[in-house]
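Below: the structure, in structure tokens.
Lettering of chains follows the sequences in order, A, B, ..., and the numbering in each one begins at 1.
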Amino acid sequence: MKKLLSAFVGILVLCLLLAIGDYTMNRQTSGGGSHTLTVYNWGDYIDPALIKKFEHQSGYHVDYETFDSNESMLTKIRQGGTNYDVVVPSEYTVQRMKKEHLLAPLDHRKLPNLKYIDPQFLHRDFDPSNHYSVPYFWGTLGIVYNDQKIAGDQVAHWEQLWNPQLRNNIMLIDSARDVFAVALITQGKSVNTTSYQQLKQAQDHLKQLTPNVKAIVADEMKMYMEQGEAAVGITYSGDAREMMSVNHHLHYIVPTEGSNIWFDNLVIPRTAKNKQGAYQFINFMLKPENAAQNARYVGYATPNWKAKQELPKKVTDDQAFSPPHQTMRHLQTYHDLSLKTLGVYNDLFLEFKMFVK
Amino acid sequence: MRQKAVFIVPYALWIVLFVIAPLVLILYQSFFNIDGQFTVNNYLTYLTSSVYLKMTVASVWYAFLITAVTLVISYPTAYVLIHLRNKQFWLLLVILPTWINLLLKTYAFIGLFSRNGSINQFLQFVELGSHQLLFTDASFMFVAAYIEIPFMVLPIFNALAEINPSLINASKDLGATQWQTFRSVIWPLSLPGVKAGIQAVFIPSLSLFMITRLIGGNRVITLGTAIEEHFLTTQNWGMGSTIGVILIIAMFIVMFITGDTRQKGGRQ
């Protein structure tokens with residue numbers, strides 16, 4: 001009994017010490033008060049050197065927190081009690097947050113560097129006058145293929161994925177909207193359709209794809225494609241770039257008939273504590289030299305035309321990552337669909353996943 | 001007496017806060033549709049949708065297979081372990097993998113099973129050619145069984161260790177063969193451990209979802225996949241909770257079938 005008690009007390013003391021240590025360390029890093037700027041972003045989605053530079057220039061202390069999905073970020077902000085000053089949601093989430101009045105309108109006079117954003121990335125339908133958001137990075141959905149297993153002209157268009165020679169050789173991203181986008185575009189429909197009949201047709205078409213589908217995976221696709229596990233992968237341009245930097249036999253294609261284009265955007269939530277700092281930070285990130293440095297680090301395409309000029313030619317001339325104007329015209333953004341419609345997409349997707357080869 | 005009442009406080013608090021309250025919340029949540037209105041439609045959807053029913057059948061079937069494979073491997077393992085000199089040490093080796101994060105273990109298997117993984121390299125070395133190992137039912141079962149084995153070995157080991165050796169000696173003295181001793185003495189007496197092991201393996205196997213994606217490539221779909229999707233993507237918590245309730249009911253059914261251990265085990 002005595003032994004048990006002393007062990008118990010020992011553990012308690014240890015917990016207490018750890019708690020004190022944690023508290024003091026946190027106090028040291030977060031300056032507290034209005035001199036802190038809290039940025040809520042995707043993991044590894046900014047060059048850490050830029051945060052240092054911003055802290056140095058502005059005198060603010062930056063608290064950098066990360067999330068791994070729009071939905072989890074949204075839940076956290078919706079519940080309140082958070083004081084994020086700058087957040088980086090994707091376009092359909094901007095639309096949702098706008099609808100739920102979670103965003104503070106932006107005063108464009110405080111963002112002079114907005115002029116460096118390429119006009120084709122402004123005034124998109126998710127935020128028509130960029131009243132609430134500023135594009136941060138953009139990218140596409142496309143086809144990654146391994147030139148050791150298949151020739152590029154065999155997978156230049158979505159419908160070629162249905163070709164029997166790709167049997168058991170395609171990896172799909174585990175996301176209902178992206179997979180349905182592939183089928184809907186092949187059938188010449190909008191990726192934002194709410195018609196059950198069109199979705200059902202798309203699902204029937206997808207079911208015919210099953211013999212070719214090797215796996216439906218998420219982030220692991222990068223590793224699998226790098227290792228040459230499959231010939232073709234359907235994924236996002238950012239992930240594609242990462243894969244290609246490891247395995248030089250991989251190439252990325254955005255089919256000319258169209259695809260999805262997505263944007264991650266800088267926004268200021270209504271609950272922000274340090275709006276002044278938030279404007280400074282956004283303006284800082286829009287500055288061409290910083291945007292270019294960030295693009296080099298993150299590897300996604302920047303919407304900043306001036307920054308793009310500062311990037312190496314090899315990067316900016318790459319047709320895959322800056323598709324020609326013709327293709328760009330056919331790219332569609334996702335709209336924020338109602339939860340019900342989203343449910344329909346996902347139920348049909350689940351059924352597709354269960355469809356046996 | 002008063003002192004004993006105090007000791008029960010942490011346990012009671014734990015049970016109420018972390019077992020009963022979540023169960024009640026799941027049950028409550030399952031009666032709401034996506035617009036927050038009270039409804040029983042979630043259950044109707046579940047019971048009338050061929051998708052969910054097929055998924056349930058598939059989940060139960062896979063869970064059954066995983067449990068069967070685990071049992072077939074674990075019982076002899078526990079039986080051998082109990083007769084070893086340093087049995088605690090060997091048992092530790094069986095338990096050791098549970099100290100490693102589940103995801104890490106799964107990723108290790110990806111390295112083993114992939115196209116250029118160790119196993120295929122070995123197969124090529126012995127001139128058997130390379131094979132598709134990942135994303136097959138077999139690899140999914142293998143990894144699931146690997147992860148569950150310690151949870152099956154442990155209760156069986158304990159049950160076997162509890163058997164009074166004089167009972168076994170008596171059985172032999174009375175002229176029973178090795179096989180008869182096993183069948184009529186050891187097996188019935190170790191049955192409680194087997195049942196506890198089945199409970200510990202079957203229920204989690206029903207809702208494995210990380211391994212179905214990482215190793216099964218989402219070609220194996222269990223109820224866990226559907227719950228994950230409803231909570232994370234479609235935000236239809238009602239439907240997710242409904243499937244959760246179904247899993248809880250399945251758990252009670254398994255507990256009921258494998259329960260009542262002592263009496264039955266003793267009589268046989």
Shortest non-hydrogen separation from Phe135(B) to Glu229(A) and the atoms involved: CE1-CG, 4.1 Å
Leu350(A), Asn70(A), Ile216(A): which one forms the most heavy-atom pairs within less than 4.5 Å of chain B? Ile216(A)
Closest heavy-atom contact between Thr225(B) and Lys353(A)? CG2-NZ, 4.1 Å
Between the OG atom in Ser114(B) and the CD atom in Glu226(A), the distance rounded to the nearest 0.5 Å is 12.0 Å
So do Asn218(B) and Asp174(A) actually touch side chain to side chain, heavy atoms under 4.5 Å? yes
Using heavy-atom distances under 4.5 Å, tell me whether Met55(B) contacts chain A through its side chain, its backbone, both, or neither. both
Given heavy-atom pairs under 4.5 angstrom as the criterion, report whether the side chain, backbone, both or neither of Tyr345(A) touches chain B. neither
In Å and rounded to the nearest 0.5 Å, what is the CG to CG distance from Asp219(A) to Leu214(B)? 10.0 Å
Considering all heavy atoms, the nearest Gly228(A)-Arg115(B) contact: O-CG, 4.1 Å
Between Phe355(A) and Ile221(B), is there a side-chain heavy-atom distance shorter than 4.5 Å? no
Please determine whether the number of non-hydrogen atoms from other residues, nucleotides or ligands lying under 6.0 Å from atom CD of Gln197(A) exceeds 12. no
CZ of Phe142(B): more than 12 outside heavy atoms within 6.0 angstrom? no
Closest contact, heavy atoms only, Ile34(B) versus Lys340(A): CG2-CG, 3.9 Å
Out of curiosity, Arg219(B) CZ to Thr210(A) OG1, how far, rounded to the nearest 0.5 Å? 6.5 Å
What part of Asn346(A) is in contact with chain B, defined as an atom under 4.5 angstrom from a non-hydrogen atom: side chain, backbone, both or neither? both
Given Leu339(A), Leu172(A), Leu342(A), the one with more heavy-atom pairs under 4.5 angstrom with chain B than any other is Leu339(A)
Can you say whether Ala58(B) sits under 4.5 Å from chain A via the side chain, the backbone, both, or neither, judging by heavy atoms? neither
Enclosure of Lys3(A) NZ (heavy-atom neighbours >12, cutoff 6.0 Å): no
Is it the backbone or the side chain of Asp35(B) that comes under 4.5 Å from a heavy atom of chain A, or both, or neither? side chain
Salt bridge between Glu351(A) and Lys54(B), side-chain N to carboxylate O under 4.0 Å? no
Specify which of Leu134(B), Val220(B), Leu232(B), Asn33(B) makes the most heavy-atom pairs with chain A at under 4.5 Å. Leu134(B)
I need the Phe231(B) CZ to Glu71(A) CD distance, nearest 0.5 Å. 14.5 Å
Look at atom CH2 of Trp237(B) and say whether more than 12 heavy atoms of other residues, nucleotides or ligands are closer to it than 6.0 Å. no
Where do Gly343(A) and Thr234(B) come nearest, in terms of heavy atoms and distance? CA-CG2, 3.9 Å
Would you say the side chain of Gln235(B) lies within less than 4.5 Å of the side chain of Thr75(A), judging by non-hydrogen atoms? no
List the atom of Val217(A), the atom of Arg213(B), and the distance in Å for their closest heavy-atom pair. CG1-O, 3.8 Å
Toward chain B, the part of Ala218(A) with a non-hydrogen atom under 4.5 Å: both
